[in-house]
Novice: 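Right, I'll just put the structure down here and ask away after.
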Amino acid sequence: MPQAKVLSDKEIRKVLIYISNHKHAARNRAMFVVLNQTGMRVGELAALRLCDVLTNTGEIVEEIRLSADQTKGSRGRVVVLNQKAQEEIKNYLMTRFKLKDLLAVTMTDTTRALFTTQKNPNRGFTPSTLAQHFHYMYKGAGISGAASHSSRRTFITKLSEMGVSVRVLMDLAGHRSLAVTQKYIESNPKLMRSAVELLS
């Protein structure tokens, strides 16, 4: 089975345009952007709860601490949220709850799913239904070869192109082995050009 496609900037824009013109735009945009900005697995995204992303004062956390049952490999890990990911989550939650201040949300049941579905607003997506959801989004945006794992591969490849060491990428991806991380990095003309230009 071929690996999921690494998305170009143009393809990312196409997906965002597609999302903006369809139902649940705020939720779908937040899910897509968060995956691209964190390299999370789709199962990890599906497992997120409100309490994982909100502080007691209603702010968005800088790091998500996934428990062993929320991630792969029977061990917890930390997911770093950059400013863009934090803003997307905040915008989505303000739209979802129709609030400008999220403090009130912290006074409700925050064990509910972060990304909800119409069918199950408390539990939200399962990993398989979320993977299927991304499949249809990519199909709708006219991008072939992309899957829910595309964002994870894109995240790792792009950071590698920017010179981030494989060791740091391994930690960001939550891998136990450098060899696994290296499999995600797609060699391409841009990466090869940057490598040889180091010698000039």
Novice: Could you tell me which non-hydrogen atom of Leu169 sits nearest to which non-hydrogen atom of Ser160, and how far apart they are?
Specialist: CD1-CB, 3.9 Å
Novice: Let's go through Lys90 and Ile60 carefully: what are the C-alpha distance in whole Å and the side-chain angles of both, what is the deciding distance for side-chain contact (heavy atoms from CB on, under 4.5 Å) to 0.1 Å, and is it a yes or a no?
Specialist: CA-CA 7 Å; Lys90 186 175 183 178; Ile60 306 300; 3.8 Å; yes
Novice: If I compare all heavy atoms of Arg77 with all of Met40, which pair ends up nearest, and what's the gap?
Specialist: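 Closest approach of Arg77 to Met40, heavy atoms only: NH2-CA, 3.8 Å.
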Novice: Taking only residues two or more places apart in sequence, or in another chain, which ones meet Ser8 in a side chain to side chain contact (heavy atoms under 4.5 Å, CB included)?
Specialist: Lys10, Glu11
Novice: Tyr138 and Tyr18: aromatic ring centres closer than 6.0 Å?
Specialist: no
Novice: Do Thr126 and Thr129 get their side chains close enough for a donor-acceptor pair, meaning under 3.5 Å?
Specialist: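 Their side chains do contain a donor-acceptor pair, which is all the 3.5 Å distance test asks for.
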Novice: Using distance alone, with no hydrogens and no angle criterion, decide if Glu62 and Asn82 have a side-chain donor and acceptor under 3.5 Å apart.
Specialist: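 No.
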Novice: When hydrophobic residues are tied together by side-chain contacts of less than 4.5 Å, even through go-betweens, does Val61 share a cluster with Phe97?
Specialist: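 Yes, because Val61 and Phe97 connect within a single hydrophobic cluster, where side-chain heavy atoms sit under 4.5 Å apart.
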Novice: Between Val105 and Leu103, is there a shared hydrophobic cluster once you connect ILVMFWY residues whose side-chain heavy atoms come closer than 4.5 Å?
Specialist: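 As far as the 4.5 Å side-chain criterion goes, Leu103 and Val105 are not connected within one cluster.
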Novice: Got a second to check how far Leu35's CG is from Leu45's CG, nearest 0.5 Å?
Specialist: 4.5 Å
Novice: How long is the gap from CZ on Arg65 to OG on Ser67, to the nearest 0.5 Å?
Specialist: 12.5 Å
Novice: Side chains of Val33 and Tyr92: closer than 4.5 Å at any heavy-atom pair?
Specialist: no
Novice: Of all heavy-atom pairs between Ala147 and Ala4, which one has the smallest distance, and what is that distance?
Specialist: CB-CB, 4.1 Å
Novice: Going by an N to O cut-off under 4.0 Å, is there a salt bridge joining Arg41 and Glu44?
Specialist: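 Yes, Arg41 and Glu44 are salt-bridged.
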Novice: side-chain contact (heavy atoms from CB on, under 4.5 Å), that's the test. Do Met137 and His22 meet it? Break it down for me.
Specialist: CA-CA 10 Å; Met137 279 202 301; His22 289 80; over 6 Å; no
Novice: Just wondering, do Arg96 and Thr116 contact through their side chains at under 4.5 Å, heavy atoms?
Specialist: yes
Novice: Please check if Leu7 and Ile156 belong to a single hydrophobic cluster, counting links between Ile, Leu, Val, Met, Phe, Trp and Tyr side chain heavy atoms closer than 4.5 Å.
Specialist: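 No, Leu7 does not connect to Ile156 through the hydrophobic network.
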Novice: Among Val15, Thr154, Leu16, find the residue that satisfies the side-chain contact (heavy atoms from CB on, under 4.5 Å) test when tested with Asn36.
Specialist: Thr154
Novice: Could I get the full list of ring pair (Phe, Tyr, Trp, His ring centres under 6.0 Å) partners for His24, not counting sequence neighbours?
Specialist: none
Novice: For Ala113 and Leu50, work out which heavy atoms get closest and say how close.
Specialist: O-CG, 4.1 Å
Novice: Checking Asp101 now: which residues fulfil salt bridge (charged side-chain N to carboxylate O under 4.0 Å, His left out) with it, not counting sequence neighbours?
Specialist: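 By the salt bridge (charged side-chain N to carboxylate O under 4.0 Å, His left out) rule, Asp101 matches no residue at all.
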Novice: What closest approach, in Å, do Ala85 and Thr38 show between heavy atoms, and which atom pair accounts for it?
Specialist: CB-CG2, 4.5 Å
Novice: Looking only at side chains, do Arg152 and Ser148 share a donor and an acceptor under 3.5 Å apart?
Specialist: no
Novice: Are Leu114 and Arg49 side-chain neighbours, meaning at least one heavy-atom pair lies under 4.5 Å?
Specialist: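 Sidechains of Arg49 and Leu114: no contact.
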Novice: Output the distance between atom CG (Leu102) and atom CG (Leu93), rounded to the nearest 0.5 Å.
Specialist: 5.5 Å
Novice: Walk me through whether Gln37 and Leu81 qualify under side-chain contact (heavy atoms from CB on, under 4.5 Å).
Specialist: CA-CA 7 Å; Gln37 296 295 316; Leu81 292 180; over 6 Å; no
Novice: To the nearest 0.5 Å, how far apart are CG in Leu54 and CD1 in Ile89?
Specialist: 9.0 Å
Novice: With side-chain contact (heavy atoms from CB on, under 4.5 Å) as the test, would you mind laying out the steps for Val6 and Ser150 before giving the verdict?
Specialist: CA-CA 5 Å; Val6 172; Ser150 288; over 6 Å; no
Novice: Just jot down the salt bridge (charged side-chain N to carboxylate O under 4.0 Å, His left out) partners of Glu88, sequence neighbours excluded, or say none.
Specialist: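 So Glu88 forms a salt bridge (charged side-chain N to carboxylate O under 4.0 Å, His left out) with Arg29.
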Novice: Return the minimal non-hydrogen interatomic distance between Ala104 and Leu99, and the atom names on each side.
Specialist: CB-CD1, 4.1 Å
Novice: With a sphere of 6.0 Å drawn around CD of Gln83, does it hold more than 12 non-hydrogen atoms of other residues, nucleotides or ligands?
Specialist: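 No.
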Novice: Side chains of Thr57 and Thr106: does their closest heavy-atom pair fall under 4.5 Å?
Specialist: no
Novice: According to salt bridge (charged side-chain N to carboxylate O under 4.0 Å, His left out), who are the partners of Lys158, at least two apart in sequence or on a separate chain?
Specialist: Asp9
Novice: According to a hydrophobic-cluster definition based on side-chain heavy atoms being under 4.5 Å apart (Ile, Leu, Val, Met, Phe, Trp, Tyr only), do Val166 and Val164 belong together?
Specialist: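 In one cluster: yes.
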Novice: Going by the rule side chain to side chain contact (heavy atoms under 4.5 Å, CB included), which residues pair with Phe155 if we only count those two or more places apart in sequence or in a different chain?
Specialist: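 Partners of Phe155 under the side chain to side chain contact (heavy atoms under 4.5 Å, CB included) test: Leu159, Leu172.
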Novice: Please report the interatomic distance OG1(Thr157) to CE(Met162), rounded to the nearest 0.5 Å.
Specialist: 11.0 Å
Novice: With rounding to the nearest 0.5 Å, note down the distance linking CZ in Phe115 to CZ in Arg27.
Specialist: 9.5 Å
Novice: Can you get from Val80 to Phe32 by hopping between Ile, Leu, Val, Met, Phe, Trp and Tyr side chains that sit under 4.5 Å apart?
Specialist: no
Novice: Is the number of heavy atoms from other residues, nucleotides or ligands under 6.0 Å of Asn56 CG greater than 12?
Specialist: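 Count not over threshold, so no.
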